[in-house]
Amino acid sequence: MSSDHNHTYVEQSGASDESIQQVHAHAQAKKPEQPHGYAKFPLVLLGIMCTAIFFGSIYLAHYSAHFDPMIYNEHQKPSKGPAQVATITPAMLGKRVFNNTCIACHQASGQGVPGVYPPLAGSEWASGSEERIIRIVLHGLNGPVNVAGKDFNNAMAPLGAVLKDDQVANVLTYVRAEWGNNAPAVSAETVARIRAETATRTQAWTATELQPYAK
Ligand code: HEC
């Protein structure tokens, strides 16, 4: 019995290359087949990550402000010349109001339309008394008027209901500083005061009526 067992043991230890290969081949044949190619799920995940990185880069390129230490580092001293902070002036805001509300008639050039809409560029009305032009914008202007040596006889609609005090102030500040005009800015407080003073008015002004406010 024991000699038989030993015999088998010896035979096993002396297994030939061929028999080892056979055993391996047998074992491998039993393994479940690996699917070919890549698994779908990790590919989707990879796709999502690439998309996130792609759009993330675009976002950073737009909004990182080049990681400016003036913005991101609270300890940074403003030593690298003037800070690049954009200041928005009343005239800049006024230009927006002008482009929305006045440009159709008075034109981007401020030249108006000959015989129809008077110019604001070089106009003694635009650069003159603020008492007068604030009234014009709030309640309109009607009938004959002489602007920069030319006669007009038309009507400008009242804009007091559409424009707030600061919008009137800003647009007039813009008009008085643009196209070579050089008159002082108009404040929202002045507009508010004149709006209160003329609160009961319903008609547009005439040039004659505005004479007392010419100075
Ligand atoms: C619908 C056309 C129209 C719009 C919009 C308009 N205006 Fe006028 N504006 C006129 C006309 C027309 C006159 C002259 C009225 C007349 O003949 O009595 C005038 C006159 C004026 C005058 C006095 C005369 C001059 O040319 O200097 C000023 C100042 C003025 N407008 C400013 C403005 C401002 C500021 C806005 C925008 C907030 C504006 N207007 C919007 C048509 C318009």
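Note that these values count all heavy atoms, side chains included, but never hydrogens, waters or copies made by symmetry. Whatever order the structure lists them in is the order used to number ligands and atoms, beginning at 1.
Short contacts between ligand 1 and Ala126, defined as distances under 4.0 Å to a heavy atom of the residue, involve ligand atoms 27 (O). Proximity to Gly143 (heavy-atom distance under 4.0 Å) selects the following atoms of ligand 1: 16 (C), 17 (O), 18 (O). Each of the following atoms of ligand 1 lies closer than 4.0 Å to a heavy atom of Val145: 16 (C), 17 (O), 18 (O). Counting atoms of ligand 1 from 1 in the listed order, those under 4.0 Å from a heavy atom of Asn142 are 18 (O). Counting atoms of ligand 1 from 1 in the listed order, those under 4.0 Å from a heavy atom of Leu159 are 37 (C), 38 (C), 41 (C). Within the listing of ligand 1, atoms 29 (C) sit less than 4.0 angstrom from a heavy atom of Ile133.
When side chains are defined from C-beta on, Arg96 does not count as touching Tyr174, because their heavy atoms never get closer than 4.5 Å. Considering only heavy atoms from C-beta on, Leu159 stays 4.5 Å or farther from Leu138 through its side chain. Taking 4.5 Å as the limit, every side-chain heavy atom of Asp151 sits out of range of all side-chain heavy atoms of Pro144. The shortest side-chain heavy-atom distance between Glu209 and Thr206 falls under the 4.5 Å cut-off.
Proximity of Ala104 to ligand 1 is not established, as no heavy-atom distance is less than 4.0 Å.
Among all protein heavy atoms, the one lying closest to atom 27 (O) of ligand 1 is Ser123 OG, 2.5 Å. Among all protein heavy atoms, the one lying closest to atom 17 (O) of ligand 1 is Asn154 N, 2.8 Å. Of all protein heavy atoms, the one lying nearest to atom 26 (O) of ligand 1 is Pro119 O, 2.6 Å. When only non-hydrogen protein atoms are considered, atom 5 (C) of ligand 1 lies nearest to Thr101 O, 3.1 Å.
Aromatic ring orientation, Tyr213 versus Trp205: perpendicular (interplanar angle above 60°, classes split at 30° and 60°).
Hydrophobic clustering, with ILVMFWY side chains joined whenever heavy atoms are under 4.5 angstrom apart, groups Val137 together with Trp179. Residues Val113 and Ile103 fall into different hydrophobic clusters, defined by Ile, Leu, Val, Met, Phe, Trp and Tyr side chains chained together at heavy-atom separations under 4.5 Å.
For Phe152, the ring pair (Phe, Tyr, Trp, His ring centres under 6.0 Å) criterion is met by no residue, not counting sequence neighbours. Scored by the ring pair (Phe, Tyr, Trp, His ring centres under 6.0 Å) test, Phe55 finds no partners at all (sequence neighbours excluded).
Judged as a salt bridge (Lys or Arg N to Asp or Glu O under 4.0 Å), the pairs with a partner in residues 127-140 (not counting sequence neighbours) are, in order, Glu131-Arg135, Glu131-Arg193, Arg135-Glu197.
Distance alone, capped at 3.5 Å, is enough to place a donor-acceptor pair between the Thr173 side chain and the Val186 backbone.
Of all protein N, O or S atoms, those under 2.8 Å from atom 8 (Fe) of ligand 1 number 2.
More than 12 heavy atoms of other residues, nucleotides or ligands shown are found within 6.0 angstrom of CG on Leu45.
In this structure, of Val97, Asn99, Val147, the residue bringing a heavy atom nearest to atom 24 (C) of ligand 1 is Val147.
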